[in-house]
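Everything below concerns the one structure shown next.
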Protein chains: 2
Amino acid sequence: MLQLKDLPTPDVLAKFAIRYPDADVTAVSSVLQLLRVATDLSIALDACLSKHGLLQGRWWVLILLMREENKTSQPSILAEKAGVTRATMTGLLDGLEQSGLIARVFAKEDRRTVLINLTDAGVEKLDSVMPDYYRRIRRCMQGLDEEKRQQLQQILALINLGIPALI
Amino acid sequence: MLQLKDLPTPDVLAKFAIRYPDADVTAVSSVLQLLRVATDLSIALDACLSKHGLLQGRWWVLILLMREENKTSQPSILAEKAGVTRATMTGLLDGLEQSGLIARVFAKEDRRTVLINLTDAGVEKLDSVMPDYYRRIRRCMQGLDEEKRQQLQQILALINLGIPALI
DNA sequence: TCATTATAGTTAGCTAGCTAACTAAGTCAA
DNA sequence: TTGACTTAGTTAGCTAGCTAACTATAATGA
């Protein structure tokens, strides 16, 4: 997402701001730091998942299924919730089916649709990964009290409001 | 980075917290929101760059070169600063060279190394993209005053401290 | 009722990352 | 001074995303 390691120093930003007067130095450095920390967080979480033989895409599919009352959903719905295309979801489900974590069942009422079912093995996988995952997130956020967490959420909501203006 | 669109509601998190007592609900939701906003931000910036025929990887190479006094560097140094492998940098430089934005020049003192030079066309490209890019970031962050920006940076620094505990 | 349109899922081929293995060139120590 | 190691860059082959095009089925409306 933001691979860049060598974030601009205030010095470098100031130089660029001379050449490009539109630059808002604190805005740029805030955005870059946000992307930097989020990327590192994401990489660290991926590393955690990969210890359990998973990757983010497949992982979220399992969680989305776990949220359902009957542990069942459809590829197109999963794709939308997971934020990937249906084509990508087909690939993710292929992998999960091969590992036995989900099962494809053909629906009777609409023969176009496939029902995706979280298998017992899938539940077991989640039960082994989730505690580890949650424990790591708890540790990572230990340094922030509830007040700071709330501040963060407010600030992120503000940035989120600004994103449409960016497009 | 975080494709997931359907972030867990407090309700869903509470249910998961019953099954997995290690869950720290506010920590999880803060982390997910952080990843969500950062991902949307990153996608929006990518869209801005692609309007100018660029992608993040190549873009950062141009900026890294622009930071240098003589607009020159080496693939391995660029790779390290950009946070990609040397193999990936080879590919990025191939593309930039084809577009005429950089030039490869062989060094005399160490015949293993190649010097990468930002061409005039490269400078022109930056001069056309940077103002647009900076203007967008300014607009996106308009809703945050300096105090909030500083708060954000402090909070991000705290999270950053927690990342090693996550691995 | 049957032609059109919409929907569900898949396939094929593209991309930018990655790792691992390679060549070529420089360094260093026995 | 030569054999082992290190460094710079590239190549080949992998991955998980993507888009576009496809098949099959369902819904709709003239």
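Just so it is clear, the values below take in all heavy atoms, side chains as well, and ignore hydrogens, waters and symmetry mates. Convention: sequence-line order gives letters A, B, ...; per-chain numbering from 1.
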Response to the item:
When A:Lys108 and A:Thr85 are each assigned the nearest nucleotide of DNA chain D, the 5'-most assignment goes to A:Thr85

Discussion item. What is the distance, to the nearest angstrom, from the CG atom on B:Asp46 to the C1' atom on D:dT19?
Written reply: 16 Å

Discussion item. I'd like to compare against my own output: the B/S/- annotation of nucleotides 8-15 of chain D with a strict under-4.0 Å heavy-atom distance to protein.
Written reply: BBBB----

Worksheet item: From A:Lys71 NZ over to A:Asp120 CG, what is the distance, rounded to the nearest 0.5 angstrom?
Response: 9.0 Å

Worksheet entry | Short side-chain donor-acceptor distance under 3.5 Å, A:Gln153 and B:Ser30 | yes

Item to complete: Check side chain to side chain donor-acceptor pair (under 3.5 Å) between A:Thr72 and all other residues, then give those that pass, not counting sequence neighbours.
Response: A:Asn117

Worksheet item: Atom CD of B:Gln3 and atom P of C:dG17: how far apart are they, to the nearest Å?
Response: 15 Å

Worksheet item: A:Glu109 CD to D:dA27 P: how many Å, rounded?
Response: 11 Å

Item to complete: Using whole Å, report how far CD of B:Gln56 lies from P of C:dC18.
Response: 13 Å

Discussion item. My understanding is that only one of B:Arg139, B:Arg135, B:Arg149 makes a salt bridge (charged side-chain N to carboxylate O under 4.0 Å, His left out) with A:Asp24; could you say which?
Written reply: B:Arg149

Item to complete: Starting from C1' on D:dA26, measure out to CZ on A:Arg111 and report it in whole angstrom.
Response: 11 Å

Practice prompt. For B:Tyr134, enumerate each residue passing the ring pair (Phe, Tyr, Trp, His ring centres under 6.0 Å) test, keeping only those at least two apart in sequence or located in another chain.
Written response: none

Discussion item. Would you say A:Phe16 ends up clustered with B:Leu49 if hydrophobic residues are merged whenever their side chains have heavy atoms under 4.5 Å apart, either directly or through other cluster members?
Written reply: yes

Discussion item. Can you measure A:Trp59 atom CH2 to D:dA16 atom C1' for me and round it to whole angstrom units?
Written reply: 18 Å

